[in-house]
Amino acid sequence: MTVLTSSTDLGNVSPEDPVSRERTRLAYAVHDGLTQVVTASVLELEWLARHVERDPAEATEALERAAAELRKALEEIRDMLATLSPETPSGADRLDDVVRGVLERWQLPATWSVDGDLQQVPGRVLEAASAVIRESVANAAKHSGSRDVSVRVSAAEDALHVLIEDHGRGFRLVGSDLTDGHLGLEMMRRRVAEQSGSLEIESSPGNGTRVVARLPVHDQGVTP
């Protein structure tokens, strides 16, 4: 089993001016939401092209799912255009919605749980946890070859813990940089590092993949 760990050191992540921070936030939003919705829809449409003649009924269902996901993408675009700081649910309800949504998007019958008191967890920490969940579940759906995926979120007094695990094909981690050449993993690492958290990815061929994030809940300021 190969383990790569990303520490709380941001490395080349330097303080940014307000405009740069907003551009980064929008990039996160596009990647976490729109990119994954469109990717899932493209996969559905590719499946449809291969099966439309062999099984028209199932192909029709795939087309309807793709259309539904693209409608969600359109709603997200409208939300982003309407306001740069949309109000969102807080605490456990917020993460429940994130987990439910990403599992439905990728049609995974995964097991999941959200435990502990999340009401006092800062909004920025919840956003980072949401990014880890979205990216990790999307990667499991696209690459693991398994539908056996579990998502666990637990809030302790000092930190929010996030675990995403699958029992699929796994992969060989090479080198010391777990994000090298992978935009999604790099953005996930940045989201965790910005909250002074830690990110660990464990995987090896045939042994699935395990993603663990620890996000401190203290000293995060007062931003909800």
*Once you round to the nearest 0.5 Å, how far does CZ of R100 lie from CG of L95?*
11.0 Å
*R210: what forms a side-chain hydrogen bond (donor to acceptor under 3.5 Å, both in side chains) with it, not counting sequence neighbours?*
none
*For residues S204 and N207, is any side-chain donor paired with an opposing acceptor at under 3.5 Å?*
yes
_Rounded at 0.5 Å granularity, tell me how far CG in L199 sits from CZ in R190._
14.0 Å
_Give me the atom names and distance for the closest heavy-atom approach of P216 to S196._
CG-O, 3.3 Å
*asked:* Less than 4.5 Å apart, side chain to side chain, heavy atoms only: is that true for R134 and V98?
replied: yes
Determine all donor-acceptor pairs shorter than 3.5 Å in which one atom belongs to a side chain in residues 158-165; sequence neighbours excluded.
{"residue": "D158", "atom": "OD2", "partner": "R214", "partner atom": "NH2", "Å": "3.0"}

*Check: V149 and W112 side chains under 4.5 Å, non-hydrogen atoms*: no
_Test: E186 and R189 ion pair at under 4.0 Å_ = yes
_Sequence-distant partners of T209, side-chain hydrogen bond (donor to acceptor under 3.5 Å, both in side chains), two or more places apart_ = S203
*By side chain to side chain contact (heavy atoms under 4.5 Å, CB included) - contacts of A141 (at least two apart)*: W106, L108
*Any side-chain heavy atom of V211 within less than 4.5 Å of one from E135?*
no
*Within-4.5 Å side-chain heavy-atom neighbours: N139 and D166*: no
*In Å and rounded to the nearest 0.5 Å, what is the CD to CD distance from Q120 to E157?*
12.0 Å
*Please list, chain by chain and in numerical order, all residues satisfying side-chain hydrogen bond (donor to acceptor under 3.5 Å, both in side chains) with D148, sequence neighbours excluded.*
H167
*asked:* How close do S136 and M188 get, counting heavy atoms only, and between which atoms?
replied: OG-SD, 3.7 Å
*How many angstroms lie between atom OG of S154 and atom CG of L118, to the nearest 0.5 angstrom?*
9.0 Å
_Check against side-chain contact (heavy atoms from CB on, under 4.5 Å), L185 and I201_ = CA-CA 10 Å; L185 290 180; I201 297 178; 4.0 Å; yes
_Within one Ile-Leu-Val-Met-Phe-Trp-Tyr cluster: V153 and V212, side-chain cutoff 4.5 Å_ = no
*Pairwise side-chain contact, Q195 with R124, heavy-atom cut-off 4.5 Å (strictly under)*: yes
